[in-house]
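Keep in mind that what you see is a predicted model, and the values were worked out from it rather than measured. Counting begins at 1 with the first residue of the sequence.
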Amino acid sequence: MNYFFVALFGLIFGSFLNVCIARMPLGLSIVHPRSRCPRCHHPIRWYDNIPVLSFVWLHGRCRDCREPISLTYPLVEILNAALMLAAYFVDGLSLQFLHDAVFIMLLLLLVFTDLFERRIPDLVTVPGIVFGLALSWFVPVDARPLVPVLLHYGVVPPYAVISPLGAVSGALAGGGLFYVVAEAFYRLRHIEGMGGGDIKLMLLVGAFLGLPLALLTVLLGSLIGLLVAIPFLILNRRRFWRFKWPYGSFLGAAGIYACLWGNQLLEAYLRWSGFVN
């Protein structure tokens, strides 16, 4: 029954994420007006707005104008439900689950806004950064390797602030790394190669996950980007050489993976490399 309610929770909030994905990049309110067909603009009836089921019942078409409904809507709802179930499987019913669920939904929203509109809204990242830092007082955030460095220099941080230190160091490392890269690229090429949205996205990731997983997110996001881009560049280098790739989408997908399974990946690497037994 717990898994059923978690899945239902994911579907309902997935439907809300669809509203945010459609409206936030355009600067529109997410509460008014009520949901409506993007083609005929007819308000959607409540029984036509049930996650996934309404899409199936209507055969993927608007009841009024009969135009196709984007597959993105049920995809986001199903994907969010699946990720909520994965988070519940990893964390159980706990504050950690709440922490991870909020983080995953924020990233899922940013994955699709960047994919479709090449925008990472400040209305998502800035409150998300603040919320991530606030949650670090209640949910532990990995402070490695910050604490050993502080201890080496004789600084003993109080136990209560270790987790917030992890969140702050993760945000500064993730966002700072991208700021340095963006600034260097601009000075070398005199064009903007990385937007401020990507920097804020990594501030968000670091605030929720801490330093090690923020760096892992950068590594995995870059790898995903290469795996996606290289085949297109091989097929048509002239067309895709200056293509604006949705790097924020790659980072968001990597951040979701790091949140759920990043620690296991890091531990496996450390054992494989011989750093730990």
**Message:** In the structure I gave you, are the side-chain heavy atoms of Tyr47 and Arg63 within less than 4.5 Å of one another anywhere?
**Reply:** yes
**Request:** Count the heavy atoms belonging to other residues, nucleotides or ligands that lie under 6.0 Å from CH2 of Trp57, then report whether that count exceeds 12.
**Result:** no
**Message:** Quick check for you: to the nearest 0.5 Å, what is the distance between Thr72 atom OG1 and Ile69 atom CD1?
**Reply:** 11.5 Å
**Asked** So do Arg23 and Val19 actually touch side chain to side chain, heavy atoms under 4.5 Å?
**Response** yes
**Prompt:** Linking I/L/V/M/F/W/Y whenever their side-chain heavy atoms sit closer than 4.5 Å, directly or via other members, would Leu115 and Leu108 fall into one cluster?
**Reply:** yes
**Item:** Closest heavy-atom pair and its distance - Leu216, Ala258
**Value:** CD2-CB, 4.4 Å
**Request:** Please answer: with hydrophobic residues joined when any side-chain heavy atoms are less than 4.5 Å apart, are Val139 and Val90 in the same cluster?
**Result:** yes
**Item:** Flag, side chain of Asn18 to backbone of Tyr73, donor-acceptor distance under 3.5 Å
**Value:** yes
**Asked** Looking at Tyr247 and Ser222, what are the two nearest heavy atoms and their distance?
**Response** OH-OG, 2.7 Å
**Asked** Hey, is the main chain of Gly166 close enough, under 3.5 Å, to the side chain of Ser169 for a donor-acceptor pair?
**Response** yes
**Asked** Atom CD of Glu67 and atom SG of Cys62: how far apart are they, to the nearest 0.5 Å?
**Response** 8.5 Å
**Request:** Using the rule that two of Ile, Leu, Val, Met, Phe, Trp, Tyr join whenever any of their side-chain heavy atoms come within less than 4.5 Å, decide whether Val218 and Leu209 are in one cluster.
**Result:** yes
**Request:** Could you pull out the closest heavy-atom pair between Val141 and Phe208, with the gap in Å?
**Result:** CG2-O, 3.9 Å
**Item:** Verify same cluster id: Val111, Ile78 (apolar side-chain graph, 4.5 Å)
**Value:** no
**Request:** Supply the atom-to-atom distance Asp198 CG to Leu203 CG, rounded to the nearest 0.5 angstrom.
**Result:** 11.0 Å
**Item:** Heavy-atom pair with the smallest gap, counting every atom of Ala207 and Ala167
**Value:** O-CB, 3.3 Å
**Request:** Give the intermediate values and the outcome of side-chain contact (heavy atoms from CB on, under 4.5 Å) for residues Val205 and Phe103.
**Result:** CA-CA 8 Å; Val205 171; Phe103 176 67; 4.1 Å; yes
**Asked** Is it true that Asp64 and Arg36 have a side-chain N and a carboxylate O under 4.0 angstrom from each other?
**Response** no
**Asked** So how far is it from Leu110 CG to Leu251 CG, rounded to the nearest 0.5 Å?
**Response** 10.5 Å
**Value rounded to 0.5 Å, distance of CE in Met84 from CG in Leu8** = 13.0 Å
**Asked** Can you check side-chain contact (heavy atoms from CB on, under 4.5 Å) on Met202 and Leu177, steps first, answer last?
**Response** CA-CA 9 Å; Met202 284 311 304; Leu177 174 63; over 6 Å; no
**Message:** Could you go through Asp122 and Lys200, starting from their C-alpha distance and side-chain angles, then the distance that decides it, and tell me whether this counts as side-chain contact (heavy atoms from CB on, under 4.5 Å)?
**Reply:** CA-CA 8 Å; Asp122 289 349; Lys200 291 168 189 167; 3.0 Å; yes
**Prompt:** Ignoring hydrogens and geometry, is there a side-chain-to-backbone donor-acceptor pair from Arg39 to Cys65 under 3.5 Å?
**Reply:** no
**Message:** I want to check something: taking the side chain as every heavy atom from C-beta on, are Ile44 and Arg34 in contact at a cut-off of under 4.5 Å?
**Reply:** no
**Request:** For residues Pro157 and Leu165, report the shortest heavy-atom separation together with the two atoms involved.
**Result:** CB-CD1, 3.8 Å
**Complete:** CG (Leu201) and CG (Asp114) are apart, to the nearest 0.5 Å, by 8.0 Å
**Shared hydrophobic cluster, Val130 / Leu109 (ILVMFWY, side-chain heavy atoms < 4.5 Å)** = no
**Any side-chain donor near an acceptor of the partner, Tyr257 and Thr217, under 3.5 Å** = no
**Fill in**
Smallest heavy-atom separation, Pro164 atom then Ser136 atom, equals CA-OG, 3.4 Å
**Message:** Less than 4.5 Å apart, side chain to side chain, heavy atoms only: is that true for Leu17 and Asn80?
**Reply:** yes
**Message:** Check this for me: Phe55, atom CZ, are more than 12 non-hydrogen atoms of other residues, nucleotides or ligands nearer than 6.0 Å?
**Reply:** yes
**Within 6.0 angstrom of Phe16 CZ, more than 12 heavy atoms from elsewhere** = no
**Prompt:** Can you tell me if CZ on Phe131 sees more than 12 non-hydrogen neighbours from other groups inside 6.0 Å?
**Reply:** no
**Asked** What class does the angle between the rings of Phe97 and Tyr88 fall in, given that below 30° is parallel, 30 to 60° is tilted and above 60° is perpendicular?
**Response** perpendicular
**Message:** For Phe89, I'd like to know if atom CZ has over 12 heavy atoms of other residues, nucleotides or ligands within 6.0 Å.
**Reply:** no
